[in-house]
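Only one structure is covered here, and it is reproduced in the block below.
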Amino acid sequence: MKKPQAAVRSRLRKQASRQEGSEKRVLSSSQVKPSTAAAGLAKRQEAAWQASVSSYHLFRDTAEVMAFRENLLNWYDREKRDLPWRRLAEGEVDLDRRAYAVWVSEVMLQQTQVATVIDYYTRWMQKWPTLQDLAGASLEEVNQLWAGLGYYSRGRRLQQGARKVVEELGGHVPHTAETLQRLLPGVGRYTAGAIASIAFGQATGVVDGNVIRVLCRVRAIGADSSSTLVSQHLWGLAQQLVDPARPGDFNQAAMELGALVCTPQHPHCSQCPVRSLCRAYQKVERGKLLASQSLPGSPDVEECASSTELCQLCAHPTEPWDQTLGVTNFPRKASRKPPREECSAICVLEQPRALGGPQILLVQRPSSGLLAGLWEFPSVTAEASGRCQREALLQELQSWAGPLPASHLQHLGQVVHTFSHIKLTYQVYGLALEGQTPVTIVPPGARWLTREEFHTAAISTAMKKVFRVYEGQQPGICKGSKRSQVSTPSSRKKPSPGQQLLDSFFRPLIPTDSSNLNSMAQ
């Protein structure tokens, strides 16, 4: 029978106080909390900052703060989604297991949609239900389960954190946001706050992408939300608003509001529980009223009235309010730097007649950098010249598998995959070792896998796309992914009759391999 949430929270608070002494024995007194002088300085700086900010961007009225908390939590209690990590956290009495359940979910949810995470989270917790289980796993196992989730360093750092807790912290997760962030690898300010508030009941605010959007709209913050100044202000607002009685629920409610109602492009303001406190919503409604009455735009008494200088939290005068955008005028972000473009030549090398069935060659990436420790098809950085690209790739293949028939290396198409900061174009080749003695011995860092083993190995989504080109199963644009594109010769537009005539006239003058390579180059 499920225990009432209030009883669970009460038990958790008592257990937290009992375990606090254990945590302090593991940490030195200087690690447990910042010095009194530092804390006092932080408070004075925060007070000075608030005094310099227009009240338009603040919650100066205690009644407003209380109303925000009550309205948001009442909405959350009615509308929150039933998610596996919430069920685990709400029903778990053991603080360390509760913190672990929250920790895993927060790491997986970074830059990843909830719908994608659910299946990965469920399989992860089934395989490693405790910190001790994860600490005892191999990196290969972690990469294998994480494969396809993206941002692969997250899984590696999560395991490193689990090992540190087990080996250095007596198996107990630190209880405060400050110690979580300082002691655990890969745990930043947001993740530390989420774990501390949800698992341990610490009254600490959190700021993620959803919360940024909610707060920027509620307090009409139009300056670049990624700037240090705005970020500091948003963290201050989050800390001011968090409900000390239900900090974990409040933080989840704020994120849930941004995910379900206060969405980036099409917000549902009519369903928002805090719209009566939202500056952006008030501005939109006032604009509608003025338009309906055909009144000239007059100064709004609710606008920011910074009289001494340009308000650093308002949008720059060069970015005026656009009535057609409504509340989506907020938040404003600086234009993102386009990803760096790179090109790679990659080959699926297969032994169709290997013992036990067809096998393909995979090699392991370095232990650091992009896709660290994952497996991939042999590849080289592509050069401008197609012939040089082909020769370099053949040399790379031979370094792993020995002498190969160069004439069998065929260019098949290309895959374009965008990582967080790199747009990588793979020129895809294939080489099938027909009629040759199967290769059974490869150097360290390489392995032959069956097709079934390939699909369960620790490989990236990009490698699956490359393999689809090799199999010829998915020409054209890859469905279900905006981040990857697949192009094969058969997917290209058929040339006109006149172009075909010209091609047939000139084709004999062009070497076959070079023509094929050049026609596929970007």
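Annotation: the span from Trp103 atom CH2 to Leu131 atom CG amounts to 6.0 Å, rounded to 0.5 Å. For the atom pair CZ of Arg246 and CG of Leu73, the computed distance is 4.5 Å after rounding to the nearest 0.5 Å. Note: Glu341 CD to Ile422 CD1 = 11.5 Å, rounded to the nearest 0.5 Å. The distance from the CG atom of Asp77 to the CG atom of Leu72 is 9.5 Å, given to the nearest 0.5 Å. Taken to the nearest 0.5 Å, the OG atom of Ser105 stands 6.5 Å off from the CD1 atom of Ile198. For the atom pair Gln232 CD and Ser227 OG, the distance stands at 9.0 Å (nearest 0.5 Å).
Closest non-hydrogen pair, Ala99 versus Phe200, comes out as CB-CZ, 3.6 Å. Pairing each heavy atom of Ile195 with each of Val102, the nearest pair is CA-CG1, 4.0 Å. Nearest heavy atom pair, residue Gly326 against residue Asn329, reads O-ND2, 2.7 Å. For the residue pair Ala177 and Ala196, the shortest heavy atom distance occurs at N-CB, 3.6 Å. The shortest heavy-atom contact between Ala192 and Leu180 is O-CD1, 3.5 Å. Nearest approach of Leu184 to Gly161, heavy atoms of both residues: CD2-O, 4.2 Å.
Under a 3.5 Å cut-off, the side chain of Lys164 and the backbone N or O of Leu183 do form a donor-acceptor pair. Between the side chain of Gln312 and the backbone N or O of Val230, no donor-acceptor pair lies under 3.5 Å. Of the possible donor and acceptor atoms, one in the side chain of Asp133 sits under 3.5 Å from a partner among the backbone N and O of Thr130. Checking side-chain atoms of Arg365 against main-chain N and O of Leu370 turns up a donor-acceptor pair under 3.5 Å. When atom types are taken as modelled, the side chain of Ser231 and the backbone of Leu229 share no donor-acceptor pair closer than 3.5 angstrom. Judged by distance alone, with hydrogens and angles left aside, the side-chain atoms of Arg219 form no donor-acceptor pair with the main-chain N or O of Leu237 at under 3.5 Å. Checking side-chain atoms of His233 against main-chain N and O of His57 turns up a donor-acceptor pair under 3.5 Å. Side chain of Gln364 to backbone of Leu374: no donor-acceptor contact under 3.5 angstrom is found. For Ser138 (side chain) and Glu141 (main-chain N/O), a donor-acceptor pair under 3.5 Å exists by modelled atom type. Remark: side-chain polar atoms of Glu342 are not paired, donor with acceptor, to backbone N or O of Leu424 under 3.5 angstrom.
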What pairs of donor and acceptor atoms, side-chain ones from residues 258-269 against any protein atom, are under 3.5 angstrom apart with sequence neighbours left out?
unit_1 : atom_1 : unit_2 : atom_2 : d
Thr263 : OG1    : His266 : O      : 2.9

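Ring geometry, Phe59 versus Phe68: the interplanar angle exceeds 60°, so the pair is classed perpendicular (tilted spans 30 to 60°). Ring geometry, Phe467 versus Phe454: the interplanar angle falls from 30° to 60°, so the pair is classed tilted.
Taking Trp85 as the reference, Tyr121 meet the ring pair (Phe, Tyr, Trp, His ring centres under 6.0 Å) condition, with sequence neighbours excluded. Take Asn210 and apply the side chain to side chain donor-acceptor pair (under 3.5 Å) test, not counting sequence neighbours, and it matches Arg213. Every residue two or more places apart in sequence or in another chain was checked for a ring pair (Phe, Tyr, Trp, His ring centres under 6.0 Å) with Tyr120, and none qualifies. The ring pair (Phe, Tyr, Trp, His ring centres under 6.0 Å) search around Trp128 returns Trp124, not counting sequence neighbours. With sequence neighbours left out, Gln111 forms a side chain to side chain donor-acceptor pair (under 3.5 Å) with no residue at all. The side-chain contact (heavy atoms from CB on, under 4.5 Å) test applied to Ala220 returns Tyr56, Arg279, Phe330, not counting sequence neighbours. In this structure, the salt bridge (charged side-chain N to carboxylate O under 4.0 Å, His left out) partners of Asp119, at least two apart in sequence or on a different chain, are Arg123. Ser270 pairs by the side-chain contact (heavy atoms from CB on, under 4.5 Å) definition with nothing, not counting sequence neighbours.
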Inset, instruction - Might you work through the side chain to side chain contact (heavy atoms under 4.5 Å, CB included) test for Trp235 and Arg189, ending with a clear yes or no? - result: CA-CA 10 Å; Trp235 277 98; Arg189 187 176 183 181; 3.4 Å; yes
Legend entry - Check against side chain to side chain contact (heavy atoms under 4.5 Å, CB included), Arg332 and Glu319: CA-CA 9 Å; Arg332 303 285 177 93; Glu319 298 178 321; 3.0 Å; yes
Legend entry - Verdict with supporting geometry, Leu158 and Val142, side chain to side chain contact (heavy atoms under 4.5 Å, CB included): CA-CA 9 Å; Leu158 182 54; Val142 171; over 6 Å; no
Legend entry - Intermediate values then yes/no, side chain to side chain contact (heavy atoms under 4.5 Å, CB included), Leu215 and Leu241: CA-CA 10 Å; Leu215 293 181; Leu241 291 172; 3.7 Å; yes
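Using a 4.0 Å cut-off between charged nitrogen and carboxylate oxygen, Arg86 and Glu256 count as a salt-bridge pair. Using a cut-off of 4.0 Å between Lys/Arg side-chain N and Asp/Glu carboxylate O, Asp94 and Arg97 are scored as not salt-bridged.
Looking at heavy atoms from C-beta onward, Trp146 lies in side-chain contact with Arg154 at the 4.5 angstrom threshold. The closest side-chain heavy-atom distance from Val211 to Met255 is below 4.5 Å. Residues Asp249 and Asp243 form no side-chain contact, since every pair of their non-hydrogen atoms from C-beta on lies 4.5 Å or further apart. Using a 4.5 Å heavy-atom threshold, the side chains of Thr116 and Leu149 count as touching.
Evaluation of the salt bridge (Lys or Arg N to Asp or Glu O under 4.0 Å) test over residues 225-235, restricted to residues two or more places apart or in two chains, returns none. Residue pairs that meet the salt bridge (Lys or Arg N to Asp or Glu O under 4.0 Å) test with at least one member in residues 100-109, sequence neighbours left out, do not exist here. Each side-chain hydrogen bond (donor to acceptor under 3.5 Å, both in side chains) pair with one or both residues in residues 192-204, not counting sequence neighbours, appears once here: Ser197-Asn251.
Under the 3.5 Å distance criterion, with hydrogens and angles disregarded, a donor-acceptor pair is assigned to the side chains of Trp375 and Glu140. Residues Thr191 and Gln110 bring a donor and an acceptor atom of their side chains to less than 3.5 Å of each other.
Both the sub-6.0 Å distance and the 45° axial angle are not jointly satisfied by Arg217 relative to the ring of Tyr281.
Remark: aromatic rings of Phe419 and His417 are close, center separation under 6.0 Å.
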